[in-house]
Amino acid sequence: MRGTRKYQHVIETPDPGKWELAGYEESLPISEKSNPMTRELDKADPSQLVQLLRDCDAEIFQEEDENLIHYHRLYSESVLKTMGDVAKRVQEVLKNPDDSLVVLSGCGTSGRLALLLANSFNGLLKGLHKTPCYCYIMSGGDRSIVTSQESSEDNPQLGAQELEKVCEGKKNVLFIGISCGLSAPFIAGQLDFCMRHLDVYLPVLVGFNPVSMARNERIEGWHSSFRQVAERLQTLHDSQKGFILNPAVGPEGVSGSSRMKGGSATKILLETLLLVAHKAESNVPVTEKCLLEILRTYERAHKVTYSQSKKIAALMKQTATSLQKKGHLYILGWGTLGLVGIMDAVECVPTYQADWRDVRGFITGGYHSIENKEGDLSSLGPEFSISHEDFVKNVLPSVSETDTVLLIFTLDDDLNQIEKLVALVKEKTSNIQVICHATAGQYLPNSLKKTIPSIIGLTWPILFLEYEGAFIQKFQRELSTKWILDTVTSGAYTLRGKIFRNFMVDFKINNSKLFHRATSVLQRLTGQSQQRCTEVLLQSIYGEQTLSEQIRNTTIAGHVEAAASQDKVLPVAIVSLLRSCTIQDSRSRINSSLSIRSAIESSMNVPGRKRGAEDSESR
Ligand code: F1P
C-alpha cells in the first residue's frame with residue numbers, strides 16, 4: 001500500500017516500512033526503533049550490508065503515506081512550509097549582519113555538522129564580500145570536534161550559558177538547535193533560554209521525531225523534560241516566534257545510531273533551507289519549488305553514491321579485515337571531506353567501543369582548515385593530531401600491511417601532493433583505497449590511476465546555477481562521502497560482531513540517553529522487565545552481584561560516571577540476563593568468545609530460556 005506520490009523521485013524510494021504502522025515498537029521514538037529492513041543486518045555479507053544501508057538512507061526521501069500513521073516527511077507540505085518560513089527569517093539576519101547572528105548548535109555528530117554548516121555559509125558570504133554571520137556551538141567545546149565527549153550533552157545550564165556567551169551584544173539571533181532524537185539536554189537548555197528571551201532569539205529545533213516522541217524523563221537537576229520544552233516551542237509556531245523542523249526519516253539502519261540518517265538528514269534539511277535563504281537574498285523569492293530543486297540534488301547524490309556499491313562493499317570488507325587483525329583504518333581527506341572523515345572516525349569510539357586509534361581521520365591543513373573557534377588543539381595529546389603532516393610524522397612509520405589507508409579528494413585538489421602521499425603510503429601497505437570526486441569532464445590522471453589499485457570514482461554533473469551551484473556540488477560531495485563512510489564503518493563493525501540483529505550492543509554508556517538506550521536494548525533482547533534490566537545493568541557497571549543501597553540511590557549521572565571506567569558493560573548484562581548467570585561468569589564467557597555477537601547468539605539458544613519480546617516479533 002502506498003500513499004499518493006506527489007513528487008517525481010530521482011531514486012526509487014522504498015515502500016513505507018512496517019515501522020510506520022500503529023503499534024510498532026510503540027514505546028520507542030522513531031530514532032530509537034529498530035528498522036524492520038535491517039533486522040538481519042548481523043547476518044549480511046558486505047554487499048548485502050551496503051544494499052540494506054542504502055535502502056535505509058533512501059527512506060530519508062520517502063513521502064508521507066496517508067494510509068499509515070500521519071508522520072510528516074521531508075517532502076510533506078507542512079515541512080516545506082516551515083523550511084520556507086525559517087529561510088525567510090534567515091534572510092532578515094542576512095540583511096543586518098552587524099547585530100544579528102545565526103547560531104547552529106548540537107552534540108556529537110550534530111555539533112560537528114553545526115560547525116561544518118556554519119563554515120560553509122560563512123564561506124559563501126565571504127565569497128560575496130559580505131559579513132559572516134553564522135556561528136556554531138558544540139557541547140564539550142572544540143575538543144569534541146575530534147574526540148568523543150558525550151557526557152557534556154547532559155547539561156542544559158551549560159548549553160544556555162554557551163549560547164548567551166556567543167550572542168553577547170546581538171539584537172537578533174536565529175538559533176538552530178539540532179538534536180536528532182529530540183533528546184539532548186544541552187539543546188533543551190538553549191531552547192528554553194531562547195524562549196525566555198524572545199525579544200532577541202528565534203528558536204528553531206531540528207530533529208527527526210514527532211514532538212510526542214521527544215524524550216520525556218525530567219532532565220536531572222533541571223525543571224523540565226526535553227518534551228516539555230519542545231511542547232512549549234510548538235505553541236509558538238502559529239505566531240512564528242519559534243519553529244520545529246522534525247520530519248520522520250525512519251529508524252536508523254543500526255538502531256539509535258543517529259550519526260547516520262539523522263546526521264545526513266540534518267545536513268540535507270539545513271543546507272537546503274539556508275541555501276534558499278541566500279538565493280532569496282538576491283531577489284529570488286523563497287518558494288517550494290526552490291526548496292524542491294535543491295532537495296532533488298541530494299536524491300541524485302544518493303543515486304550517484306550507491307552506483308558504486310560493489311566498491312563500497314570491497315572497502316568495507318578490507319576495513320573489517322584490518323580491524324580483525326588489530327590493524328587500523330586511516331582516513332585522509334582534503335578540505336571539508338577531511339572533516340567528514342574525522343566525524344565518522346570519532347563516532348566509532350562511542351558507538352562500537354573502538355579504541356581512538358582504530359579508525360582515525362586526518363585533514364589537509366589540520367585545524368587551520370577546520371576553522372574552529374579555539375584554534376590548534378594538537379597540544380592536548382596524540383588524539384588531537386589531525387593534519388596530514390601529523391599522519392606522516394607520527395603514524396605512517398608504524399603503518400603495516402594490516403592497515404587500510406583511505407584517501408578522499410576531489411580532482412580540484414593538489415594531485416601532485418596526493419601522488420606523493422600515495423607513494424609514501426604504498427611503501428608501508430598495499431591496502432590503499434581512494435574516494436575521488438570529479439565534475440563531469442574531469443578525469444583522474446593516468447599516473448595516479450596506475451598507482452592506486454582501488455578507486456571509488458564519483459562523477460558529479462556541472463550545475464549551471466550561478467554562484468550557489470558550486471556549493472551544491474560541495475554539499476553533494478560531502479554527503480556522498482558521509483554516506484560511504486557511515487556504511488563502511490558501520491558495516492565493518494557489524495562484520496566484526498559488534499551488532500546483534502540491528503542493535504548496537506557494545507557502546508559506551510557515557511550519557512543519560514545511552515544509559516536509557518542500554519536498558520531498552522536489554523529489554524528488547526531478553527524480554528525482561530525494565531526494573532530487572534536496570535538492576536542487571538547496574539550489576540554490570542559496578543561489577544557487583546548485590547547492589548548496595550548507595551548504588552541504588554545514585555543518580556543516572558553517577559551511574560554514567562561509573563560506567564566510564566568499564567568496558568563491555570552492556571554485553572555482560574545481556575549475557576548475564578539471558579543465561580541467568582553471574583556478572584563474573586558472563587564476563588569470562590564474553591572474553592572467551594569469538595565476538596560479542598557470537599556470545600549473545602549462543603546465549604539466546606540456551607535451553608529453557610524464556611523467550612524475549614523481540615523473538616516473538618517476525619523472527
Ligand atoms: C547526539 C549524539 C549523536 C551521536 C551519538 C550520541 O544525538 O551525540 O550525534 O551520534 O549517538 O548522541 P542527538 O542529540 O543529535 O540525537
Side-chain angles (χ1 to χ4, degrees), residues 28-33 104-117 136-141 143-156 159 176-191 205-211 213-215 219 225-227 229-230 244-246 248-249 251-267 269-270 340 342-354 359 482 485-486 489-490 493 498 503-518 520-521 560 563 570:
L28 295 167
I30 299 173
S31 59
E32 295 285 332
K33 287 187 200 292
L104 295 143
S105 178
C107 312
T109 298
S110 302
R112 292 174 203 112
L113 284 167
L115 161 79
L116 182 65
L117 274 126
Y136 70 91
I137 300 176
M138 72 175 303
S139 64
R143 52 173 61 217
S144 330
I145 301 169
V146 297
T147 58
S148 154
Q149 313 275 340
E150 312 277 320
S151 60
S152 41
E153 71 185 60
D154 274 346
N155 194 333
I176 302 177
I178 312 161
S179 180
C180 298
L182 261 58
S183 60
F186 188 84
I187 300 298
Q190 295 177 324
L191 292 169
L205 166 61
V206 173
F208 305 98
N209 282 320
V211 169
M213 291 183 175
R215 225 171 123 186
I219 295 166
S225 68
F226 197 107
R227 192 180 299 174
V229 171
I244 305 183
L245 271 166
N246 58 339
V249 294
E252 297 288 349
V254 172
S255 311
S257 186
S258 59
R259 73 179 183 126
M260 299 173 80
K261 281 161 82 170
S264 304
T266 300
K267 191 164 152 48
L269 193 147
L270 286 175
V340 175
I342 290 173
M343 229 184 256
D344 203 86
V346 176
E347 280 293 321
C348 294
V349 175
T351 318
Y352 300 110
Q353 291 260 15
V359 181
K482 179 179 181 300
L485 294 179
D486 284 351
T489 54
S490 307
Y493 278 105
K498 290 282 191 168
F503 297 111
M504 45 171 106
V505 279
D506 192 15
F507 55 89
K508 278 207 167 129
I509 303 175
N510 43 14
N511 63 37
S512 62
K513 173 177 84 176
L514 299 170
F515 181 87
H516 290 296
R517 183 180 297 161
S520 157
V521 169
V560 167
L570 180 57

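Order of appearance sets the numbers: ligands from 1, and atoms from 1 within every ligand.
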- request: Would you mind reporting whether Arg227 and Pro29 have side-chain heavy atoms less than 4.5 Å apart?
  value: no
query: By number and element, which atoms of ligand 1 are closer than 4.0 Å to a non-hydrogen atom of Ala184?
result: 14 (O)
message: When you compare the side chain of Leu570 with that of Phe507, does any pair of heavy atoms fall below 4.5 Å?
response: yes
field: Nearest-neighbour protein heavy atom for atom 10 (O) of ligand 1, which is reported as residue plus atom name and distance
entry: Glu347 OE1, 2.9 Å
statement: Numbered in order shown, the ligand 1 atoms found under 4.0 Å of a heavy atom of Ser110 are 9 (O), 15 (O)
- request: Could you tell me the separation between the OG atom of Ser264 and the CZ atom of Phe208, rounded to the nearest 0.5 Å?
  value: 9.0 Å
message: Walk me through whether Arg215 and Ser179 qualify under side-chain hydrogen bond (donor to acceptor under 3.5 Å, both in side chains).
response: CA-CA 11 Å; Arg215 225 171 123 186; Ser179 180; over 6 Å; no
query: Nearest protein heavy atom to atom 14 (O) of ligand 1, by residue and atom, and its distance?
result: Ser179 OG, 2.7 Å
- prompt: Would Pro350 count as a contact of ligand 1 if the rule is a heavy atom under 4.0 Å away?
  reply: no
message: Which of the numbered atoms in ligand 1 are under 4.0 angstrom from any heavy atom belonging to Gly181?
response: 16 (O)
statement: Numbered in order shown, the ligand 1 atoms found under 4.0 Å of a heavy atom of Gly108 are 8 (O), 9 (O)
Side chain proximity check, Leu270 to Leu113, heavy atoms < 4.5 angstrom: no
message: I'd like to know if the side chain of Lys261 and the backbone of Pro251 have a donor-acceptor N/O pair within less than 3.5 Å.
response: yes
message: I need the single residue from Thr351, Thr109, Thr489 that forms a side-chain hydrogen bond (donor to acceptor under 3.5 Å, both in side chains) with Arg259. Which is it?
response: Thr489
message: I'd like the name of whichever of Cys180, Pro185, Cys107 reaches closest to atom 1 (C) of ligand 1 through any heavy atom.
response: Cys107
query: What residue and atom, counting heavy atoms only, is the protein's closest point to atom 6 (C) of ligand 1, and at what distance?
result: Glu150 OE1, 2.9 Å
query: Quick one: does Leu182's side chain get under 4.5 Å of Leu205's, heavy atoms only?
result: yes
task: Using non-hydrogen atoms of the residue, decide whether Gly106 is closer than 4.0 angstrom to ligand 1.
output: no
- prompt: If every non-hydrogen atom of Met138 is compared with every non-hydrogen atom of Gly111, which pair is closest and at what distance?
  reply: CB-CA, 3.7 Å
- request: For ligand 1, find out whether one of its N or O atoms is nearer than 3.5 Å to an N or O atom of Asn511.
  value: no
query: Measuring from the heavy atoms of Lys513, does anything fall under 4.0 Å of ligand 1?
result: yes
- line: atom 8 (O) of ligand 1 has as its nearest protein heavy atom Glu153 OE1, 3.0 Å
field: Spacing of Gln149 atom CD and Ser144 atom OG [to the nearest 0.5 Å]
entry: 5.0 Å
query: What is the closest protein heavy atom to atom 3 (C) of ligand 1, and at what distance does it sit?
result: Ser258 OG, 3.6 Å
message: Need the ligand 1 atom indices (1-based, order shown) with element for anything under 4.0 Å from a heavy-atom of Thr109.
response: 9 (O), 10 (O)
